[in-house]
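Heads up, the thing below is written out as structure tokens.
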Amino acid sequence: MQVDTAAPVVHDSRAGATAPADGMANRPVATGLHVFAPFTRAERLLVRAWTRGEIARIGLQHPPQASAAFVVRSSLLAYLACGRAAGAGVRSHPVQVVGAWVTGRFDLTDLQLPASLWLYRCVFDAGLELDGARIAGSLSLRDCRLPGLYADRCDLRGDLVVDAGTTVAGEVRLRGARIGGDINAAGARIGRGEPATASAQRPWVADGAQIGGDVRLHRGFESIGEVRGVGAHIGGDFDASRARLSGHVDRQGLRHEALNLDGIRVGGDLVLDSGFAAAGTVSAVRARIGGDLLGSGATFDLTGDSTWGEDGASLRLDRAQIDGALVLRKLPAPIPAASLVDARVSTLDDDDSTWDEELVLDGFEYQRFAATSPSDAEFRLGWLGRQRARHLGADLRPQPWRQLIGVLRDMGRDDDARRVVIGRERHLRRSGRVGAALPRGLRLFASAAHALFGLVVGYGQRPLRLLGWLIAVGVLSGAGYHAGHLSGGFVPVSAAPAPAPFNPWVYSLERLVPMLDLQQAKYWTPTSQLSNDVPSVGDAMRWLGWAEAALGWSGVLLLVASVAGWPERDRRR
């Protein structure tokens, strides 16, 4: 390949002016490589390797110092990356460099790169500026050290690789970027410079970015400051397994978000497991996840301060929609103050290590519990009992109870659903919600009636219990009738033919069951004589019959209502 040796003139595309070679700053706008003369030893190796389409092996490790053996000017590197030295009709080669010390402002803003840029174990003394750049290939920064990477609105057809221990002291900015392949930042360390500026609070910003493949912030990825991907669109997975994220602490001592994915769209899974740890809130409000949200083994609220402040939460999934499962199992510590307001998931997979206090479940919808997840009433009642105190009392939220009852019934766990209904009614009475709308004088009566309703028929969930009560009433009443008959409390009806012998048990059954005619009440009647204004035994039998009949009517009506489900709140909503 022939190296362009045109006159040493530089054209500044932004200012529209020409300038001699020594004033070209760092933009790749030179015409002819000789304007960069004299070359350092490292630059001669770079140009020679680039013309042959080879890797420029300037050093095998990170350069120890900015000496001629390692220094490459960013302007020369950018000149080659833009293919300016290839000549017309000649295919440009990727720039591939190992072990260089890149000096000067590396500015590729709004420029077009015809091939990939691959840098390994390089050190930069200024940030890499790619705002609005168009790169036909991939951008790979492996095990590099640089102050920042600025690629807002960048159009990258291949992959963005910032992995293998790459350290970015400042920011990685990808707002509005379009990346056709993957983002791979496995093992990268971001935001580890001096936290003196506001930018250090958000060292990774990819708001509104569109990524065709996966985003991999995993395998030891670390960030000091908020990792943001608000409104980003990801075609594949978002994988942050084994990542360690630490939110910024402001002057008031409040820790801010560690991971902010509000409004994100993920075509695959959102992976926060296998050692993921966050100091600060993990937020995915209004997120749309086509697969699962996997959080097994994750640590939320690593430093115990993400819930400080009003309505603080360590995990916030409000109005998120997860087409697959929400998996939060085998956590090192329970999640404090998780918020799932109006979130929707297909399957909830949790266990006894998952939830701490201050849960917010209002509007949370799920279709089933996973096979490995507890679905017994005792565990789930304890789960509901972890909601915020005001949501269990004065500002009671009934939806979480209805949701749980409906899911248990759909799963065929009717007995557990009934136990949850009973537990809810007991909670309503203990929290003072029963009769709360009545005048103060009637509230105690309403609470007592509610307690009796639970005792007799389990709030409509235990109708067979009512049969036991009715049998007990019948037996006791029959015993009373038997004693009353022996004391002369019953006489045959005079106008009737000779009646059958009096049977107290049959008489009791006839009084207890409405509209049942067994010929006892027809031919036998209690006596009605007063002695010294004291009711007779017959009068006592008459009152006992009325009471038993009233209990019988009430019991039968209550039994029918319970079997039909009329008293249940969930079926009356």
Side-chain angles (χ1 to χ4, degrees), residues 138-143 149 156 158-166 168 172 174 177 179-191 203-207 209-223 225-247 257-284 287-300 302 315-317 320-332 335 345 347 349:
S138 297
L139 173 62
S140 181
L141 301 168
R142 310 200 66 188
D143 197 14
L149 173 60
L156 180 64
D159 300 330
L160 172 61
V161 181
V162 194
D163 70 347
T166 289
V168 182
V172 174
L174 302 169
I179 300 173
D182 301 331
I183 293 180
N184 185 357
R189 296 182 292 274
I190 310 297
W204 182 286
V205 180
D207 295 356
Q210 299 187 36
I211 298 95
D214 300 331
V215 175
R216 305 189 189 106
L217 311 182
H218 62 167
R219 297 181 185 176
F221 176 90
E222 295 182 11
S223 173
E226 178 184 349
V227 173
R228 286 177 59 94
V230 174
H233 288 233
I234 301 171
D237 299 334
F238 184 103
D239 188 352
S241 55
R242 292 174 53 195
R244 296 182 67 86
L245 312 179
S246 180
E257 285 85 355
L259 178 62
N260 188 342
L261 302 178
D262 292 350
I264 197 171
R265 302 292 188 271
V266 180
D269 298 333
L270 176 57
V271 185
L272 307 175
D273 63 2
S274 303
F276 171 86
T281 300
V282 173
S283 180
R288 297 293 181 269
I289 302 171
D292 302 329
L293 193 161
L294 304 173
S296 295
T299 300
F300 299 90
L302 181 63
L315 176 62
R316 194 181 298 278
L317 299 176
Q321 181 173 319
I322 303 171
D323 293 344
L326 173 59
V327 183
L328 298 168
R329 299 177 51 80
K330 299 180 180 179
L331 306 187
I335 306 172
V345 306
T347 303
D349 190 356

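If you take CZ on Arg242 and CD on Glu222, they are separated by 11.0 Å, rounding to the nearest 0.5 Å. With rounding to the nearest 0.5 Å, the separation of CD1 in Ile211 from CD1 in Ile179 is 5.5 Å. Distance check: Glu257 CD to Arg228 CZ gives 8.0 Å after rounding to the nearest 0.5 Å. If you take CD1 on Ile183 and CG on Asp163, they are separated by 12.5 Å, rounding to the nearest 0.5 Å.
The minimum heavy-atom distance between Pro332 and Gly297, with the atom names listed, is CD-O, 3.6 Å. Residues Ala320 and Ala284 come closest through the heavy atom pair CB-O, 3.6 Å. When all heavy atoms are compared, the tightest approach of Ala258 to Ala278 is CB-CB, 4.0 Å.
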- Item | CA sep, side-chain torsions, deciding dist, call: Ile264, Ile234, side chain to side chain contact (heavy atoms under 4.5 Å, CB included) | CA-CA 8 Å; Ile264 197 171; Ile234 301 171; 3.7 Å; yes

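Ring geometry for Trp204 versus Phe221: interplanar angle over 60°, hence perpendicular rather than tilted (30 to 60°).
Taking 4.5 Å as the limit, every side-chain heavy atom of Ser296 sits out of range of all side-chain heavy atoms of Lys330. Annotation: side chain of Val168 is not in contact with side chain of Leu141 (no heavy-atom distance under 4.5 Å). Side-chain atoms of Arg189 and Thr166, non-hydrogen and from C-beta on, never get closer than 4.5 Å to each other. At least one side-chain heavy atom of Phe300 sits under 4.5 Å from a side-chain heavy atom of Val282. Inter-residue side-chain proximity for Glu226 and Leu259 is flagged as unmet; no heavy-atom pair is nearer than 4.5 Å. Side-chain atoms of Leu328 and Ile335, non-hydrogen and from C-beta on, do get closer than 4.5 Å to each other. The shortest distance between side-chain heavy atoms of Arg244 and Leu302 falls below 4.5 Å.
The backbone N or O of Ser140 sits nowhere less than 3.5 Å from a side-chain atom of Ser138 that would complete a donor-acceptor pair.
If you run side-chain contact (heavy atoms from CB on, under 4.5 Å) between Leu270 and each of Leu261, Asp292, Asp237, only Leu261 comes through. Residue Phe238 forms a side-chain contact (heavy atoms from CB on, under 4.5 Å) with just one option from Leu217, Val271, Leu293, and that option is Leu217. Each of Val162, Asp159, Leu160 was checked for a side-chain contact (heavy atoms from CB on, under 4.5 Å) with Leu139, and the lone residue meeting it is Leu160. Screening Val327, Leu294, Leu326 for a side-chain contact (heavy atoms from CB on, under 4.5 Å) with Asp349, the sole residue that qualifies is Val327.
Sorted by first and then second residue, the pairs that involve residues 269-283 and meet side-chain hydrogen bond (donor to acceptor under 3.5 Å, both in side chains), not counting sequence neighbours, are Asp262-Ser283. Legend: side-chain hydrogen bond (donor to acceptor under 3.5 Å, both in side chains) pairs involving residues 212-221, not counting sequence neighbours, sorted by first then second residue: Asp182-Arg216, Asp214-Arg216, His218-Asp239.
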